[in-house]
Amino acid sequence: MMLPLAHAGHWLPDLLIYGSPVVIGILAVRYADRRERKKDEEEKSD
Amino acid sequence: MKLFVLAHGLVGRTDLPIPKWLFGWAAAIVLVLSFAALAILWPKPELQEERGRRWFRMPRFVEPLLGLLGVIAFVAVVYSGLRGAQDAQDNLAPTIIYVHFWVGMVVVSVLFGDVFRALNPWRAIARFVAWIVGLFSKEEMPAPLDYPAKLGRWPAAISILAFTWVELSYVNKDDPSQLAIMALAYAAFQLIGMSFFGIEKWEDRADGFQVLWSTYARLAPFKRHGQDVWVRPPLNGAPSLDLVPGTVALLVVAIGTTSFDGFSNGPLWASLGPDLSKFFKNIGFGLSAQGELANTVGLLGMVLLVGLFYRLGVRGMRNVGTGHTTEELSGLFAHSLIPIAFAYALAHYFSLLAYQGQAVGYLISDPLGHGSNLFGTADAGIDYNIVTATGVWYVQVAALVSGHVAGLMLAHDRALAVYRNPREAVRSQYWMLIVMIGFTSLGLWLLSSLTT
């Protein structure tokens with residue numbers, strides 16, 4: 001079976017544009033989560 | 001003009017001030033701002049206990065009357081399907097089943113509450129039979145069997161999946177006589193189920209349409225307590241959704257199948273679908289089976305994708321606090337999917353309801369398509385100017401954004417009740433925010449890429 005990439009030009013740009021808020025969100029949440037954990041650990045060690 | 005198009009996302013040329021993808025980004029920003037506002041302005045649970053006040057007492061004759069109306073409508077649809085012209089354009093059955101029943105009842109349930117319970121034809125028949133037997137029987141009727149707790153809402157989830165398979169994958173989905181036969185088979189199955197497990201128990205768990213619409217009705221500002229009608233704050237009924245097996249599956253099926261409806265009309269499926277069909281052709285399937293199997297794979301794939309995405313959000317939540325398994329959290333936050341499922345349904349089917357919904361005007365006068373004019377409206381048509389394509393797009397964006405903000409509110413309120421302090425509650429919802437942004441972006445992408 002062929003991969004459906006033959007027409008990727010029709011849908012890939014839209015998918016990337018609409019998907020990027022999700023990717024940015026995931027990165028932001030991972031950053032916030034890590035920072036909060038660090039804060040928790042610091043509070044515990046104090 | 002009579003123009004029957006049973007495509008589920010009618011689109012036209014829009015006249016928008018900004019590109020469609022910017023709406024996606026704006027929607028994501030609205031969700032982030034709503035999340036921040038909830039974190040600051042909503043520090044304790046407000047929705048966990050049902051509130052409301054009695055509005056009026058419904059006269060006893062109303063429910064049997066509505067049940068009778070439901071039975072008459074059911075008989076009319078089945079009779080039209082079996083005896084009418086075998087053409088989806090001229091027969092009453094396909095439009096009533098796919099537009100007024102499947103889409104219209106969703107909107108009615110969210111606006112007015114669990115109206116379908118009163119209209120439900122198979123429930124009305126079962127109640128009537130039970131009443132007659134009670135009148136003439138000298139002995140007490142045997143108690144119904146215990147409904148297996150493990151089954152939960154799984155039969156309902158499977159019923160909805162089966163219905164949407166017919167709608168989206170089955171080659172003869174518009175064939176009036178086949179639709180009528182399937183409607184009869186479904187009603188017969190419900191009657192058998194009710195006779196074994198009791199009318200209300202079966203209706204609350206296993207009748208797919210009843211279960212789904214009564215779940216949507218939890219968002220409504222009206223609720224029935226016996227014969228009394230109560231008013232309550234919108235969304236207030238959602239947190240009391242009981243956590244039985246199959247509940248998440250039902251809501252995931254509702255969102256996933258609607259998503260596939262949009263997806264199957266977009267460019268990615270136009271690229272992927274033929275390749276899948278070719279694959280099934282190469283392993284020996286006939287022409288219609290190839291398409292059906294390809295659509296079945298797409299439908300199930302989309303349901304699994306939506307389920308996986310929700311699961312990921314819940315899994316992220318598990319990292320905060322202690323003592324909650326992914327399974328528990330999945331059930332505890334399931335009700336936040338109700339407004340999302342509604343938003344998806346409204347956004348994807350709004351144009352179908354607005355345009356094709358008008359077809360009832362002429363179909364009711366000529367339900368069999370034999371040229372009759374019972375009510376003098378057989379020459380009525382569909383006014384496609386009732387709402388412009390731009391208007392449809394704004395309704396779709398508004399539905400998706402407000403549905404997801406409502407989902408965030410429900411999840412935030414539940415988190416405040418589940419976690420030890422507001423800070424933990426807010427942290428737990430970071431991943432839920434991503435789930436909401438993901439569902440909104442997916443919905444807008446699907447709608448924006450619908451083939452004109």
Side-chain angles (χ1 to χ4, degrees), chain A, chain B residues 19-32 35 263 266-283 294 309 312-313 316-317 319-321 423-424 426-449 451:
Chain A
M1 192 178 84
M2 279 175 62
L3 280 173
L5 295 176
H7 311 283
H10 290 139
W11 51 264
L12 196 59
D14 271 358
L15 186 62
L16 291 175
I17 288 170
Y18 281 94
S20 42
V22 183
V23 177
I24 293 169
I26 290 172
L27 293 175
V29 165
R30 279 183 70 90
Y31 171 74
D33 209 33
R34 239 181 248 176
R35 219 180 55 169
E36 301 244 13
R37 273 181 204 215
K38 213 172 167 184
K39 215 161 133 188
D40 284 350
E41 279 168 20
E42 279 171 9
E43 273 175 17
K44 268 185 197 170
S45 62
D46 287 347
Chain B
K20 281 187 173 178
W21 63 266
L22 259 178
F23 282 92
W25 281 71
I29 291 167
V30 169
L31 288 180
V32 172
F35 182 83
F263 182 67
L268 179 51
W269 188 249
S271 172
L272 186 63
D275 284 337
L276 263 176
S277 293
K278 206 182 284 174
F279 168 75
F280 288 114
K281 182 186 175 188
N282 290 343
I283 57 174
F309 200 49
L312 281 176
M317 231 186 280
N319 295 331
V320 179
R423 192 175 151 232
E424 254 187 22
V426 171
R427 267 181 70 187
S428 76
Q429 293 308 294
Y430 285 167
W431 289 102
M432 215 49 172
L433 174 64
I434 301 300
V435 170
M436 301 299 173
I437 291 175
F439 280 139
T440 310
S441 298
L442 174 70
L444 287 174
W445 174 57
L446 293 173
L447 291 168
S448 71
S449 60
T451 315

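The sequence lines fix the lettering, A, B, ..., with proteins before strands; numbering per chain opens at 1. Quick caveat: nothing in here was measured; it's all calculated off a predicted structure.
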*asked:* So for A/L15, is it side chain, backbone, both, or neither that comes closer than 4.5 Å to the heavy atoms of chain B?
replied: both
*For A/I24 against B/W25, the heavy-atom pair lying closest together*: CD1-CH2, 3.6 Å
*What's the shortest heavy-atom distance between A/V22 and B/S441, and which atoms?*
CG2-OG, 4.1 Å
_Criterion side-chain contact (heavy atoms from CB on, under 4.5 Å) on A/E36 and B/E424, from CA distance to verdict_ = CA-CA 10 Å; A/E36 301 244 13; B/E424 254 187 22; over 6 Å; no
*asked:* In the structure I gave you, are the side-chain heavy atoms of A/R30 and B/Y430 within less than 4.5 Å of one another anywhere?
replied: no
*Got a donor-acceptor contact below 3.5 angstrom from the A/Y18 side chain to the B/W21 backbone?*
yes
*Find the one option among B/I437, B/I434, B/L433 whose heavy-atom pairs under 4.5 Å with chain A are most numerous.*
B/I434
*Exercise: identify the closest heavy-atom pair between B/W445 and A/D14*: NE1-CB, 3.6 Å
*Residue selection (most heavy-atom pairs with chain A, distance under 4.5 Å) from B/A27, B/G24, B/S448, B/G316*: B/S448
